[in-house]
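Have a look at the structure below before the remarks.
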Amino acid sequence: MELPKNYEPKDAEGPIYKKWQESGYFNPDNLPGDRKEVFSIVLPPPNVTGTLHMGHAAMIAVEDILVRYHRMRGKRTLWLPGTDHAAIATQSKVEKEISKKEGKSRHDFGRKEFLKRVEQFASESHDTIVNQMKRLGASMDWSREAFTLDQKRTTATYTAFKRMYDAGLIYRGNRIVNWDPKGQTTISDDEIVYEEREATLCTFRYSKEFPIPVATTRPETKVGDTAVAVHPDDARYQQYIGKTYEIADFAGVPLTIKVVADSSVEKDFGTGALGVTPAHAAIDWEIAQKHNLPSKQVINEFAKMNEAAGAMLVSKKAAEARAVVTEWLRANGLLIKEEKIKQNIATAERTGGIVEPLPKLQWFVAVNKPYQAPSGETTLKEMMLRAVQDRKIAITPDRFNNVYFNWINSLRDWCISRQIWYGHRVPVWYKGEEIFVGTEAPQGDGWAQDEDTLDTWFSSGLWTFSTLGWPEATSDLKMYHPTSVLETGYDILFFWVARMILMSGFLLNDVPFKQVYLHGLVRDDKGRKMSKSLGNTIDPLEMADKYGADATRLSLIIGAAAGNDIKLSEDRVRGYKNFANKIWNISRFVLMNFDGFSPDAMGEVTGEADKAALADFEKAKVETTAQIEEFKFYQAAEGMYHYVWHTFADKVIEEAKPRLADPAVRASAQAMLWTILTGSLKVLHPFMPFVTEEIWSKLPDWKGKQLLIVEKW
RNA sequence: GCGCGCUUAGCUCAGUGGUAGAGCAUCAAGUUUACACCUUGAGGGCCGGGGGUUCGAUCCCCUCAGCGCGCACCA
């Protein structure tokens with residue numbers, strides 16, 4: 001039996017995937033043999049915002065290695081796929097498209113019609129993404145596929161909300177939140193991106209009589225000031241602490257300013273005195289709470305000055321108002337100095353809008369509030385800390401333990417309500433003063449459901465168990481949870497990994513996974529982030545078509561240690577295509593020399609050289625196995641690459657050529673080559689599933705031959 | 001401000017307390033029982049600088065520098 005001279009991945013890969021799917025082996029229920037040990041992974045669900053990029057391909061490559069390896073090790077192996085509705089990301093994408101193409105906003109459609117458009121888009125993205133994952137060879141159990149916004153996951157989300165509400169861990173509160181004027185919604189602390197910009201720090205007095213000068217970069221908010229805070233130990237201002245000053249006219253409005261002492265004030269910044277604007281800065285809000293100060297909102301949801309800001313400023317944009325107030329200060333001799341400083345400005349990750357802190361009535365998850373867990377009283381924060389501290393969850397690479405702890409320690413209550421339309425509607429109904437929280441609308445007339453939707457991470461936090469049927473006590477949940485490994489990019493450690501630990505810890509009193517493996521970000525060959533605007537993206541599908549899915553996957557594995565970014569270039573991918581072809585030709589050579597050989601009647605390996613070659617292979621195999629177990633995929637792949645090319649092909653095969661020609665030792669050499677070839681195909685399979693399966697199918701049949709995907713490691 | 005990572009061949013990166021490694025790139029030669037998507041060979045390095053521990057340091061410790069990242073602050 002002879003193979004064609006070259007391996008053509010494009011022709012081979014489609015039919016092989018089909019063969020795998022038809023075998024049913026992606027579903028653990030169908031796997032052959034008695035499988036007691038379980039291995040489970042849930043796919044980090046890609047957002048239905050378009051198409052897969054190289055980062056997704058890297059994720060799929062790593063997870064498929066794990067899954068195929070453990071399946072071949074004889075475990076009951078589940079890789080559960082799904083997609084994420086990604087609330088704000090998807091909605092803003094569709095809004096942008098509609099605005100660009102039709103010049104309309106979501107309000108021109110209304111909630112119902114607009115949602116139809118988003119769902120249409122999401123459904124198309126979903127189909128694209130699923131096909132792309134299949135193209136890359138992902139051995140996922142499609143029969144269990146889930147979507148964060150489907151019926152079952154919605155039930156899970158509502159159930160989670162209700163249980164947390166009943167436990168007092170979800171509350172509605174009027175607090176200062178991050179308001180995105182562009183997206184017209186609140187966002188969580190984690191959805192903020194800081195950008196460094198130049199700002200003007202103005203030092204001024206509220207009036208000629210007011211004793212303490214104050215510094216600010218936002219003069220326009222000062223019409224909303226109700227206090228000045230100084231450090232309690234600041235000798236300069238001791239005499240004023242506790243006094244209240246009436247300012248008759250500050251940029252057209254009267255102010256009442258109380259001087260308070262608060263240790264959060266930095267003595268050395270500006271004048272050492274902070275003008276307290278409770279409604280428009282998070283710290284000021286906290287100070288105001290502590291000192292019982294009134295709050296006066298002067299900026300509205302559109303980042304424009306409101307009525308309370310006075311006639312001089314009303315309806316002006318914040319930036320315009322800033323100039324007006326500065327001019328007014330100058331004209332009235334109250335401006336002491338102006339200096340340029342560098343400032344980190346908070347912007348919304350999705351829309352780029354400048355975040356305006358505003359007081360709003362929102363839903364929050366209380367992370368510091370004690371609750372009764374089965375193991376005793378704790379808080380969500382403490383529980384999240386414990387999970388990793390007590391090594392119930394191990395993070396690879398382990399330096400991210402510290403990153404995780406830092407984040408938990410500075411964690412504040414999580415704002416989970418969003419003023420967007422796409423997502424899980426907050427499961428709360430109001431009727432006058434009455435509030436109903438439940439998984440379904442209450443009986444009776446006059447109830448109105450909360451208009452807001454939930455932060456997308458609220459539902460994706462449930463992902464490891466909502467996908468397994470929770471809140472029902474399904475056999476899947478019992479069998480596959482906690483999952484074995486959570487594999488994802490380090491950039492969503494906080495967004496997602498931490499939230500999963502929170503949700504699983506509270507709702508199941510268990511960890512969501514035992515092991516976290518964090519991969520790096522895929523960058524271009526110069527180390528820049530891949531982005532459409534830079535034009536430096538490499539499309540995984542295009543690479544798969546040109547060089548094969550195997551080569552694409554290998555290029556994302558080799559040279560990529562856990563948590564390190566990957567620099568990718570097309571050359572790299574090309575190099576691994578050559579490797580696939582090498583494996584092909586090794587097999588071709590072996591098959592060409594197999595006259596008179598039958599796997600079922602294979603003789604002993606008797607020659608010394610043959611025995612030595614087998615021992616070398618054994619060694620390589622053992623090493624590779626250990627490396628996979630230790631999550632050193634790059635080393636495992638590179639090691640096998642090197643063994644197969646430079647030991648098996650260059651030495652073992654070359655040196656076996658004369659023996660194959662000698663009838664006396666031919667049988668031994670054949671048995672040796674057969675053993676190493678089949679063994680290598682197995683070890684390579686998790687890394688290069690297509691070419692290995694294709695070659696496997698071309699090998700002569702033997703008793704008990706199966707698809708390579710379920711062969712024993 | 002707090003913390004983390006990186007610095008090794010032209011490029012991308014592994015690696016180990018005991019004579020420096022791979023892939024790609026470069027150069028030279030080559031048509032051999034599979035493979036030119038190949039083979040054989042060659043060149044190329046004060047392992048970022050300085051100090052320390054050690055018989056011995058690229059590796060461990062200290063320090064400096066450059067690059068990158070995260071978190072917090074930013075009145």
Separation between the C1' atoms of B/rA65 and B/rA25, rounded to whole Å: 30 Å

For atom CG of A/L411 and atom P of B/rA72, their distance in whole Å: 10 Å

Ring-face cation of A/K657 near A/F589 (centre distance under 6.0 Å, axis angle within 45°): yes

Shortest non-hydrogen separation from A/M384 to A/A498 and the atoms involved: CE-O, 3.2 Å

Interatomic distance, A/F400 CZ vs B/rC71 P [rounded to whole Å]: 11 Å

Geometric cation-pi criterion A/R553 and A/F687, 6.0 Å radius, 45° cone: no

RNA chain B: 5'-proximal contact among A/D650 and A/I283 (nearest heavy atom): A/D650

Atom-to-atom span, CD of A/E570 to C1' of B/rC11 - whole angstrom: 16 Å

Pair A/Q627-A/Y634, side-chain donor/acceptor within less than 3.5 Å: no

Distance below 4.0 Å between A/Y490 side-chain N/O and B/rG5 OP1 or OP2: no

Parallel, tilted or perpendicular, as decided by the 30° and 60° cut-offs, for the rings of A/Y206 and A/F210: perpendicular

Side chain of A/K577 (C-beta onward), nearest among B/rC37, B/rG23, B/rG70: B/rC37

Sugar-phosphate, base or nothing in reach of A/L201, heavy atoms under 4.0 Å: sugar-phosphate

Touch class at under 4.0 angstrom, heavy-atom based, for A/V265 against every strand present: base

Rounded distance (Å) that lies between atom P of B/rU12 and atom CZ of A/R572: 11 Å

Minimum-distance nucleotide (side-chain atoms of A/N581 versus B/rG3, B/rC35, B/rC74): B/rC35

P-based separation of B/rC64 from B/rG1 [nearest Å]: 13 Å

Donor-acceptor pair present, A/K582 side chain and B/rC35 base, under 3.5 Å: yes

Whole-angstrom distance between B/rC71 and B/rG56, as gauged at atom P: 44 Å

Interatomic distance at P, B/rC69 relative to B/rU16, whole Å: 27 Å

Short side-chain N/O contact from A/H642 to OP1 or OP2 of B/rG21, under 4.0 Å: no

Bracket notation of RNA chain B in which parentheses pair within the strand, [ ] cross earlier pairs, and | pairs with another strand (Watson-Crick or G-U, under 3.5 Å): (((((((..((((....[..)))).(((((.......))))).....(((((..]....))))))))))))....

Among B/rC35, B/rA14, B/rU12, the one nearest A/R588 by side-chain distance: B/rC35

P spacing across the pair B/rG17 / B/rC61, given as an integer number of angstrom: 13 Å

Within 6.0 Å of CZ in A/R236, more than 12 heavy atoms from elsewhere: yes

Nearest non-hydrogen partners of A/P294 and A/T226, listed with the distance: O-OG1, 3.0 Å

Out of B/rU33, B/rC4, B/rC24, whichever nucleotide has its closest atom nearest the side chain of A/A661: B/rU33

Touch class at under 4.0 angstrom, heavy-atom based, for A/A649 against every strand present: base

Distance-only polar pair, side chains of A/T217 and A/Q343, donor-acceptor under 3.5 Å: yes

Parallel, tilted or perpendicular, as decided by the 30° and 60° cut-offs, for the rings of A/W674 and A/F597: tilted

Side-chain N,O (A/N564) to OP1/OP2 (B/rA14) below 4.0 Å: yes

N/O (side chain, A/K651) to phosphate O (OP1/OP2, B/rU39) under 4.0 Å: no

Residue A/D571, side-chain heavy atoms: nucleotide from B/rA14, B/rC24, B/rG70 that is nearest: B/rC24

Among A/F400, A/W496, A/Y517, the one residue meeting ring-ring contact (aromatic ring centres under 6.0 Å, His included) with A/Y490: A/F400

Qualifying residue, where the test is ring-ring contact (aromatic ring centres under 6.0 Å, His included) with A/F494 and the options are A/W457, A/W414, A/W407: A/W407

Whole-Å gap separating P (B/rC4) and CG (A/N402): 7 Å

Gap in Å between the two P atoms, one belonging to B/rU39 and one to B/rA34, rounded: 13 Å

Between P of B/rA34 and CG of A/L677, the distance in whole Å: 17 Å

Below 4.0 Å: OP1/OP2 of B/rA34 and any side-chain N or O of A/W645: no

Side-chain N,O (A/N578) to OP1/OP2 (B/rC38) below 4.0 Å: yes

5' priority, RNA chain B, between A/A656 and A/I566 [closest heavy atom]: A/I566

Touch class at under 4.0 angstrom, heavy-atom based, for A/Y194 against every strand present: base

d(CG, A/L521; C1', B/rG5) in whole Å: 13 Å

Closest to side chain of A/R399, choosing from B/rU33, B/rG5, B/rA34: B/rG5

Sugar-phosphate, base or nothing in reach of A/H646, heavy atoms under 4.0 Å: sugar-phosphate

Rounded C1' spacing from B/rU8 to B/rA57 in Å: 14 Å

Sugar-phosphate only, base, or nothing, as touched by A/T271 at under 4.0 Å among non-hydrogen atoms: nothing

Spacing of the P atoms in B/rC2 and B/rC60 (rounded, Å): 24 Å

Between C1' of B/rC35 and CD1 of A/I695, the distance in whole Å: 12 Å

Sugar-phosphate, base or nothing in reach of A/Y576, heavy atoms under 4.0 Å: nothing

Quiz item: A/Q635 side-chain donor-acceptor pair to B/rA22 base, under 3.5 Å: no

